[in-house]
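Chain naming here is simple, since letters A, B, ... match the order of the sequence lines and numbering starts at 1 in each.
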Amino acid sequence: MRLRVRIVLVALVLIVGLAVARLVVELRADDLGPDAPFAPTAQQIERGAYLARAGNCAACHSARGAPPYSGGRGIETPFGTVYASNLTPDAETGIGRWSAGHFWRALHEGRSRDGHLLYPAFPYTNYTLVTREDSDAIFAYLRTLPAVAAPIRPHALRFPYDNQWALAAWRVLFFDRDTFAAEPKQSAEWNRGAYLVRGLGHCSACHGERNVFGATDEPLALSGGIIPMADWYAPSLASPEEAGVAGWTVNDVVALLGTGSTPHASTTGPMAEVVARSLQHLSEPDLRAIAIYLQSIPQAPARQRISSSGADPAMLERGGVIYRKHCADCHGDDGKGTPGSWPALAGNRAANMDSVANPIRLVLSGGYPPSTAGNPRPYGMPPFAQTLNDAEVAAVLTYVRASWGNTAAPVRSFDVARHRQGRVNY
Amino acid sequence: MRSAVALVLALALGSSAIAAESSDGMAKRVAACTTCHGKEGRATSDGYFPRIAGKPAGYLYNQLLNFREGRRSYAPMTYLIDHMSDAYLLEIARHFASLELTYPPPQTLGASSALLERGRKLVTAGDGAREIPACVQCHGKAMTGMQPAIPGLLGLPRDYLNGQLGAWKTQQRHAAAPDCMATIAGRLNAADVEAISAWLSSQPVPVPSAAVPMTTAKLPLPCGSAPQ
């Protein structure tokens, strides 16, 4: 008996000791040695500017109205607010004292210049796949920005998330350094798309489902998830009922990513920002590569849909009255929309998703696709948060989801009330 | 600066390129605006949202940029226009500026005559001792604004006027530097704000309600939004 207790105790001490040792290893940064000379070419700088757009770095690393890349934007997470850093070459508050090696280590390993661990709100779980060559090009570009001295805002994270040991534990569980390995069986175009989607594009940061620790379950899956804090649902790219594009033409995917709209789908909310700031600036070959990769994602089989037949007839009737008053002018009595201006709601994937987050947000907040070269003067959806109460929003959405062949589940007032508390995403 | 140059350019180029297109479904493209700002951008005095119809294009354009770039904060507004190009924002501004509407008479506010008189005095004569210029010096004798970028002050809800003057005082609302309205609002006390809002919101909108051409050689304060 005594011996058993002893064995258990020794085993426990060993396990704890190993765990602590593992964390100590995680916390320790390698010495990068003296800075290697870095003399970027004009071509490298231009390439870096393009890649920074592909990574949409400026979206997080610029506060509204402040100089681009000067940091300070608060990224809200379930664990507190992480303030994006200043990427301009200011010595005190920016990355003026960083070497190309430091920058590469930040992308590849998620460590700051002094070796401390960075929070994965900076998506190094994706950026770890970025090549050293691309990292150097982005660094070269950032060095050309005007240096901006901007006060460094400390993160406002709750205990224990504000602790490097906790972050080290998170990394042991959910992060491994990686490099992009091309699939020899796939085309060069497919591999380019995979590299952009999984790496710089960090699509899984939104389109991946997150667990309670804020980690995407399958690191690079695109099976859809609620974007933390923003209260928008980033639909699954692996589902024909959500945002999968396996059945689309490549040209339609390229048009959606490059212009924000196609005749049968458009981007609003957080995706409008991605198109506006990043995707519309990508080259046609890169957009095609992304499209080809996205089309190859294995599509989940169609689910047994929850039927809308359970909708309360009185609610449907009330929803129909609201629809004819507020919606039919643009979307049509028949739900067929107005081609080129307003989408059809009959068969509309966004309106009929199992997650009711986006339909509710669209009715409450409205929204426009971005102005782009291909769609410079977008039509938009009015916000009805001021006009319709929770029960009315639920009724009209329930009506839409049960009409013209749509068979999606009813929307409850309770759902609308929950999302009304959500903030618009910026 | 970039936006100021764009504005000057656009106003100088006049109607040509943009106006040629602006009849193309503009009313429908801006359906999201009129949900709150009233039919055709004509808000009434019983709500909060300001009218936008008939205000000078330069003013409306500046406000759209202010919302997009964080100098004004109203999340639902910023959200809607966040990813619109300067050219499209200007087109939207010009669309609403071009509307010439008639407005219903203002509602009776129940403000005391002393309060209204105090408001009238501040609006029409200012207060020299406290270096408060009269509103009419910049916003026009008829208070319908001055081209290209100074807004009219009539046809706006009392709560909205209170809200804006208060926002300037508490530095929640900003405009391009030098921010003349922030300076002036800083010199107003709460009772002044109450009086000005009460009096302005009780005045009828004259016909025509369009902003007049700039008549002042020199504004009393330098204004980044209306550079001279």
Nearest non-hydrogen partners of A/Pro383 and B/Ala32, listed with the distance: CD-O, 3.5 Å
Sidechain-backbone polar pair: B/Arg29 side chain, A/Pro378 backbone, donor-acceptor under 3.5 Å: no
Heavy atoms of other groups near A/Lys336 NZ, more than 12 under 6.0 Å: no
4.5 Å side-chain heavy-atom contact, B/Thr35 and A/His326: no
Between OH on residue B/Tyr88 and OG1 on residue A/Thr372, distance to nearest 0.5 Å: 11.5 Å
Minimum side-chain heavy-atom gap B/Lys28-A/Thr338 below 4.5 Å: no
Chain B contact via A/Pro376 - side chain, backbone, both or neither, heavy atoms under 4.5 Å: backbone
Distance-minimising heavy-atom pair for B/Ser85 and A/Ser371: N-OG, 3.0 Å
Euclidean distance, A/Tyr368 OH relative to B/Asp82 CG, rounded to 0.5 Å: 13.5 Å
Residue selection (most heavy-atom pairs with chain B, distance under 4.5 Å) from A/Gly260, A/Cys330, A/Ala66, A/Gly366: A/Gly366
Distance-minimising heavy-atom pair for B/Glu69 and A/Arg64: C-CG, 3.6 Å
Atom CG of A/Asn389: over 12 foreign heavy atoms under 6.0 Å: yes
Residues which pass side-chain contact (heavy atoms from CB on, under 4.5 Å) with A/Arg53, listed by chain and number, not counting sequence neighbours: A/His281
B/Gln171 atom CD: more than 12 heavy-atom contacts under 6.0 Å: no
CZ on A/Arg377 to CE on B/Met84, rounded to 0.5 Å: 11.5 Å
CZ/A/Arg277: more than 12 non-hydrogen atoms of other groups inside 6.0 Å: yes
Inter-residue atom distance A/Arg361.CZ - B/Tyr79.OH, 0.5 Å rounding: 7.0 Å
